[in-house]
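First the structure, in the form of structure tokens, and then the observations on it.
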Amino acid sequence: MLVFRKEMSKHPVIFLSLKNVEGLDFQAAKYQMIEIIAKEAKRFAYLKQSDRLDIDDKSAYASLIRLEDGRYEMRDEALYASLQTLSELLYKHHCRKTVILIDEYDVPLDERFFGIINYATN
């Protein structure tokens with residue numbers, strides 16, 4: 001167990017909890033995902049100063065954490081590739097594979113599924 005912990009502490013970790021992604025409105029759920037990813041990406045602010053990332057990499061990072069009028073803004077293409085992008089940037093910086101942990105991944109599906117059933121039965 002000690003070897004496992006020692007090895008795991010060497011890898012960057014992306015942790016996302018989808019517990020609060022709820023609602024039937026697609027745009028609202030999409031924004032919640034943008035916010036979750038952007039806040040997680042901001043934990044790695046040191047990437048902005050990394051000597052191992054080039055200007056394009058830093059631009060990709062900036063696209064994950066962009067704020068406009070107090071709201072996170074992310075193009076659809078950036079959102080769809082956001083976990084891969086952040087993982088690749090962390091790999092380039094640390095020279096180690098990134099661990100991605102996603103908690104409560106089923107909540108958005110349950111919300112949508114049970115929301116449709118509740119809407120249909122009322």
Side-chain angles (χ1 to χ4, degrees):
M1 186 67 153
L2 183 60
V3 173
F4 174 76
R5 283 187 181 174
K6 193 173 184 179
E7 185 62 28
M8 284 304 294
S9 66
K10 295 178 183 177
H11 294 268
V13 177
I14 297 171
F15 175 74
L16 303 174
S17 174
L18 305 184
K19 183 173 76 171
N20 295 321
V21 178
E22 50 191 33
L24 295 177
D25 180 89
F26 175 77
Q27 291 302 322
K30 179 180 163 185
Y31 180 74
Q32 288 174 330
M33 287 299 299
I34 289 170
E35 189 173 54
I36 287 168
I37 291 167
K39 285 181 177 180
E40 181 63 8
K42 283 188 81 155
R43 283 195 324 112
F44 306 102
Y46 58 84
L47 292 174
K48 292 187 280 189
Q49 309 301 323
S50 175
D51 294 335
R52 294 186 176 156
L53 301 183
D54 63 27
I55 194 161
D56 291 334
D57 294 330
K58 290 177 183 179
S59 177
Y61 177 73
S63 74
L64 298 177
I65 60 169
R66 189 178 76 180
L67 270 173
E68 193 168 306
D69 295 327
R71 284 179 52 92
Y72 290 103
E73 296 291 332
M74 196 180 299
R75 291 185 349 268
D76 286 347
E77 297 81 10
L79 175 60
Y80 302 150
S82 59
L83 284 179
Q84 181 176 355
T85 300
L86 185 56
S87 178
E88 288 172 354
L89 295 173
L90 288 166
Y91 178 79
K92 284 183 179 183
H93 177 80
H94 293 279
C95 299
R96 293 199 171 265
K97 290 186 177 182
T98 304
V99 175
I100 301 174
L101 302 173
I102 302 175
D103 191 27
E104 303 283 346
Y105 62 89
D106 57 334
V107 169
L109 298 173
D110 287 346
E111 286 288 326
R112 182 69 179 147
F113 179 74
F114 290 114
I116 290 170
I117 289 174
N118 288 338
Y119 180 77
T121 59
N122 289 332

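Quick caveat, the model's predicted, so the values are computed rather than measured.
Atoms CE and CD1, from M74 and I65 in turn, are 9.5 Å apart once rounded to the nearest 0.5 Å. Between D57 atom CG and E88 atom CD the span is 9.0 Å, to the nearest 0.5 Å. Rounding to the nearest 0.5 angstrom, the gap separating the NE2 atom in H11 from the NZ atom in K97 is 9.0 Å. Between L16 atom CG and M33 atom CE the span is 6.5 Å, to the nearest 0.5 Å.
For I55, the CD1 atom counts as loosely surrounded, since its 6.0 Å shell holds 12 or fewer non-hydrogen atoms of other residues, nucleotides or ligands.
Checked against the 6.0 Å centroid criterion, the rings of F44 and H93 do not qualify as a close aromatic pair.
No donor-acceptor pair under 3.5 Å is formed between the side chain of S87 and the backbone N or O of Q84. For the pair S50 (side chain) and L47 (backbone), a donor-acceptor distance under 3.5 Å is absent.
In terms of hydrophobic clustering, with Ile, Leu, Val, Met, Phe, Trp and Tyr side chains grouped at heavy-atom distances under 4.5 Å, Y91 and L83 are assigned to different clusters.
Scanning both residues, L67 and K42, for their nearest heavy atoms gives CD1-NZ, 4.4 Å. A pairwise comparison of heavy atoms in L89 and L53 identifies O-CD2, 3.7 Å as the closest pair. Residues S17 and I36 share a closest heavy-atom pair of O-CD1, 3.6 Å.
Looking at L86 and I37, their side chains never come closer than 4.5 Å, going by heavy atoms from C-beta outward.
The salt bridge (charged side-chain N to carboxylate O under 4.0 Å, His left out) contacts involving residues 63-76 comprise K30-D76, R75-E77, where partners must be two or more places apart or lie in separate chains. Sorted by first and then second residue, the ring-ring contact (aromatic ring centres under 6.0 Å, His included) pairs involving residues 48-82 (not counting sequence neighbours) form an empty list. Applying the salt bridge (charged side-chain N to carboxylate O under 4.0 Å, His left out) definition to pairs two or more places apart or across chains, none involves residues 45-56.
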